Amino acid sequence: MNVYKDRIKKFVEIFGLEILYTVINTIFLLFLHQLNKELFSKYSNQEYLEMLMYQNYKPVVFFIITVLSIIWGIIIVKSRFKKFKYKDFEPIEILYAMLSFAFTAVIICLLIIAINNPILQAIAFVIGSAVALAYAYE
Amino acid sequence: MEYKQKLLDWISYTKRKDKQMVIMIEKKEKYLAMSDDEFLFEYTRIGARYEHKKFVLSVIIVTTLITIIMDIWGRLYDFIFRLLMLGNVKNVEEDMIKVAEILVVAIMFIILIVGVLIIHDLIKNMYLLTKEKIFIEEIKELRKV
């Protein structure tokens with residue numbers, strides 16, 4: 001039993017930040033999935049404006065959190081790989097870095113997929129329309 | 001109990017200073033034990049990295065200045081101003097303008113955060129490299145004796 005306890009402890013010590021990142025983002029992804037489902041059930045594909053205004057701009061807040069989460073993930077991977085540039089390292093550390101990259105890459109891909117349909121599409125549509133409108137009336 | 005002690009050590013200034021001191025002494029011994037060629041290699045590497053970082057930082061500062069001079073931010077504000085003016089035009093949905101304004105502010109906020117993170121990273125690296133450079137120059141003097 002103690003052997004497993006030690007192994008889990010070591011795993012948590014090595015991948016603490018990645019575990020925290022994965023747990024927080026998994027919970028966030030569940031909320032995002034729920035929001036996407038609500039948006040799809042309430043609005044059609046043409047009602048992008050109403051979609052973004054849903055529950056006091058909730059989709060916009062989710063979009064900002066997603067972008068910040070992606071930036072956070074990139075920082076975690078970058079800090080792992082930074083070590084190799086100027087310091088000596090154990091071969092096992094490459095495996096750790098690869099695992100860390102896999103953890104965060106999966107989360108980042110899921111975040112992009114979840115935010116793309118329909119929130120990001122709605123944002124792109126509204127921004128595009130606003131730019132066209134703003135410069136149409138001189 | 002062990003974690004509590006670790007947390008206290010992490011907070012305490014004296015403990016942190018002692019830890020850094022131990023690392024510094026180890027590094028000093030490592031540099032003093034090096035052969036002349038090895039030391040020269042380390043010295044040039046740190047010096048070159050310092051100059052390179054200084055160059056990158058100055059390029060970023062110059063680029064920021066150029067964007068300010070070329071009025072890129074001004075154009076963004078002009079776009080927001082145009083959006084505000086659209087409220088007076090008939091047949092344009094008010095919600096559309098409101099949502100677009102919020103989105104523009106959100107995008108500006110994200111760009112600002114990314115910019116602050118990049119500059120923070122560069123300045124922190126610059127600080128560490130300056131520390132390293134001062135240290136290796138002092139070691140160079142010690143090696144002469």
Side-chain angles (χ1 to χ4, degrees), chain A residues 5-6 9 12-13 16 43 46-79 81-83 85-88 115 118-138, chain B residues 2-3 6 23 26-27 30 41-42 44-46 48-50 52-53 75-118 120-122 124-125 128-129 132 136:
Chain A
K5 209 176 161 186
D6 286 347
K9 207 172 149 188
V12 171
E13 268 173 21
Y43 304 105
Q46 273 78 44
E47 294 170 304
Y48 282 138
L49 207 58
E50 288 78 9
M51 245 183 215
L52 290 179
M53 289 173 76
Y54 177 67
Q55 282 190 0
N56 210 8
Y57 302 101
K58 202 172 164 187
V60 179
V61 175
F62 270 65
F63 170 71
I64 295 173
I65 296 173
T66 307
V67 175
L68 294 181
S69 281
I70 291 171
I71 294 168
W72 184 21
I74 293 168
I75 291 171
I76 290 174
V77 174
K78 192 184 157 241
S79 61
F81 280 92
K82 209 176 170 185
K83 251 188 211 169
K85 224 173 165 186
Y86 300 110
K87 281 180 191 161
D88 290 333
I115 201 73
I119 298 173
L120 192 62
Q121 286 175 10
I123 288 174
F125 175 81
V126 172
I127 291 271
S129 315
V131 171
L133 269 175
Y135 289 96
Y137 294 97
E138 280 292 343
Chain B
E2 194 191 331
Y3 284 106
K6 270 186 185 174
I23 293 170
E26 269 175 20
K27 222 185 234 178
K30 196 182 94 184
F41 176 77
E42 283 295 320
T44 43
R45 188 178 66 88
I46 289 168
R49 266 183 73 198
Y50 173 79
H52 175 71
K53 276 274 177 273
R75 280 171 197 272
L76 204 64
Y77 294 132
D78 175 56
F79 173 59
I80 296 171
F81 180 69
R82 276 167 187 269
L83 279 178
L84 289 171
M85 293 299 284
L86 270 180
N88 300 326
V89 180
K90 277 180 188 174
N91 304 326
V92 176
E93 266 188 84
E94 259 184 44
D95 288 346
M96 171 85 170
I97 300 162
K98 224 162 93 182
V99 173
E101 276 165 19
I102 286 172
L103 286 178
V104 171
V105 172
I107 290 167
M108 278 170 78
F109 171 72
I110 289 167
I111 293 172
L112 191 75
I113 294 240
V114 172
V116 167
L117 280 176
I118 291 172
H120 172 260
D121 188 51
L122 274 172
K124 196 179 154 197
N125 275 338
L128 292 175
L129 264 176
E132 191 84 18
I136 206 161

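Note that the structure is predicted; figures quoted are calculated from it, not measured.
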> Quick one: what part of A:Phe63 sits under 4.5 Å from any heavy atom of chain B, side chain, backbone, both or neither?
Replying inline: side chain
> What part of A:Val131 gets closer than 4.5 Å to chain B, counting heavy atoms only: side chain, backbone, both or neither?
Replying inline: both
> Does atom CZ of A:Phe125 have more than 12 heavy-atom neighbours, drawn from other residues, nucleotides or ligands, at distances under 6.0 Å?
Replying inline: no
>> Counting only heavy atoms not in B:Phe109 (residues, nucleotides, ligands), do more than 12 fall under 6.0 Å from its CZ?
In response: no
>> Can you tell me how far apart CG (B:Leu117) and CD1 (A:Ile75) are? Round to the nearest 0.5 Å.
In response: 4.5 Å
>> Can you tell me which portion of A:Ile123 sits under 4.5 Å from chain B's heavy atoms? Options are side chain, backbone, both or neither.
In response: both
>> Using the rule side-chain contact (heavy atoms from CB on, under 4.5 Å), only one of B:Asp95, B:Leu103, B:Ile102 pairs with A:Val126; which is it?
In response: B:Leu103
> What's the shortest heavy-atom distance between A:Ala130 and B:Met96, and which atoms?
Replying inline: N-CE, 3.6 Å
> How about B:Lys98: does its NZ atom have over 12 heavy atoms from other parts shown lying under 6.0 Å from it?
Replying inline: no
